[in-house]
Amino acid sequence: MPLIADSSLQSLSHAYPAAPALLHHSLEGHPLLDYPALAEAARALPQSHVERRVADAVNGGDFAHDSASGQDAATLLETMQVDGNWIMLRCVEQLPAYRKLLEELIAVIAPAISPATGTARNIKGFVFISAPGTLTPFHFDCEHNILFQVRGDKQFATYPPAPPWLPLDRHEAYFAAGDNMLPWQEDYLGDARVHSLTAGDALFVPYASPHWVKAGSTPSISLSMTWQCDWSHIAADAMLANPLLRRIGAGMDRAPAWPARPRWRAWCGRVARRAGLA
């Protein structure tokens with residue numbers, strides 16, 4: 001099978017960029033995504049890009065950094081001692097081998113995404129190593145994203161990028177301070193679209209779609225590939241300007257939704273950024 005199945009590209013083309021899509025891939029067993037290579041990557045990356053967080057987080061709680069263990073992430077990966085740990089390798093595109101893999105994946109999906117949103121930009125890669133049962137709490141990411149499940153299984157729950165799941169003030173706060181965690185209500189469980197992922201599955205997650213993720217009964221390894229496009233940059237700039245524009249009665253009462261392009265608000269956001277106002 002190619003890196004991503006041809007039938008999956010058709011599914012992605014139909015769903016992108018506004019709806020989740022289940023895909024199938026051949027990255028299971030890829031040497032860059034197994035423990036020895038990930039341990040090497042953890043040592044090669046800037047240490048600020050190697051994160052350990054608690055494995056027993058809850059929805060609506062803090063996904064806190066774990067500093068209690070004396071062993072570093074690279075040692076844990078090298079010895080496959082991941083129980084009780086959630087480890088993220090951030091921006092693996094800094095490493096040439098991983099950058100090459102991401103470029104190959106983007107080249108495969110380009111025919112499915114480019115007709116809608118143009119050339120993919122700002123391509124980044126994140127590897128998640130999760131202990132059994134780890135919950136990644138309810139949050140959102142302002143990027144287009146495909147998560148490739150490489151080892152183990154996960155339940156990946158997605159929600160529309162709109163209130164009540166994504167309140168406007170929380171969306172704006174992301175661009176002000178980078179905080180992407182979301183408040184949780186128990187009745188949100190019934191609203192979830194839950195995708196069951198096993199090794200060889202992948203999920204396209206739309207821009208800013210709130211989600212929570214729970215690992216299964218065995219350790220999980222996933223690769224997340226994210227990218228931006230012209231539309232996502234316009235949406236981000238418009239959201240950056242929105243609190244300022246609200247002061248003069250010109251703010252939006254909801255975040256931009258595909259395919260709306262609030263260009264003049266985006267221009268205001270870029271001006272505000274250059275002027276140090278946002």
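Note that the coordinates shown come from a computational prediction; the quantities given were computed from them, not determined experimentally. The chain is numbered in sequence order, starting from 1.
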Examine distances only and state if a side-chain atom of [X] and a backbone atom of [Y] form a donor-acceptor pair shorter than 3.5 Å.
{"X": "His211", "Y": "Ser209", "answer": "yes"}
{"X": "Gln149", "Y": "Thr198", "answer": "no"}
{"X": "Ser232", "Y": "Cys229", "answer": "yes"}

Salt bridge flag under 4.0 Å for residues [X] and [Y]:
{"X": "Arg52", "Y": "Asp72", "value": "no"}
{"X": "Glu172", "Y": "Arg246", "value": "yes"}
{"X": "Arg43", "Y": "Glu78", "value": "yes"}
{"X": "Asp237", "Y": "Arg273", "value": "yes"}
{"X": "Arg90", "Y": "Glu51", "value": "yes"}

Sequence neighbours excluded - side-chain hydrogen bond (donor to acceptor under 3.5 Å, both in side chains) pairs with any residue from residues 122-134
Asn122-His233
Assess the side chains of Ser224 and Asn145: does a donor N or O sit below 3.5 Å from an acceptor N or O?
yes
Supply the atom-to-atom distance [X] [atom1] to [Y] [atom2], rounded to the nearest 0.5 angstrom.
{"X": "Leu223", "Y": "Ile146", "atom1": "CG", "atom2": "CD1", "answer": "10.0 Å"}
{"X": "Leu77", "Y": "Ile87", "atom1": "CG", "atom2": "CD1", "answer": "4.0 Å"}
{"X": "Ile109", "Y": "Ile4", "atom1": "CD1", "atom2": "CD1", "answer": "6.0 Å"}

Suppose we call two aromatic rings close when their centres sit under 6.0 Å apart. Are His144 and Tyr16 close by that rule?
yes
Crowded around Gln155 CD? As in, over 12 foreign heavy atoms under 6.0 Å?
yes
Closest non-hydrogen atom pair, [X] against [Y]:
{"X": "Leu95", "Y": "Ala44", "answer": "CD2-CB, 3.9 Å"}
{"X": "Leu76", "Y": "Val82", "answer": "O-CG1, 4.4 Å"}
{"X": "Gly125", "Y": "Glu93", "answer": "N-OE1, 3.0 Å"}

Geometric cation-pi criterion, Arg53 with Phe63: 6.0 Å, 45°:
yes
Please write out which residues are connected to Trp264 in a hydrophobic cluster, directly or through intermediates, given that two of Ile, Leu, Val, Met, Phe, Trp, Tyr count as joined at side-chain heavy-atom separations below 4.5 angstrom.
Leu245, Ile248
Any chance you could pull the hydrophobic cluster mates of Met252, using side-chain heavy atoms under 4.5 angstrom and chaining through other members?
Leu135, Phe138, Phe140, Tyr159, Trp165, Leu166, Leu168, Tyr174, Phe175, Leu182, Trp184, Tyr188, Leu189, Tyr207, Trp212, Trp231, Met239, Leu240, Trp258
Begin from the C-alpha positions of Lys154 and Asp201 and carry the test salt bridge (Lys or Arg N to Asp or Glu O under 4.0 Å) through to its verdict.
CA-CA 10 Å; Lys154 281 181 172 176; Asp201 292 334; over 6 Å; no
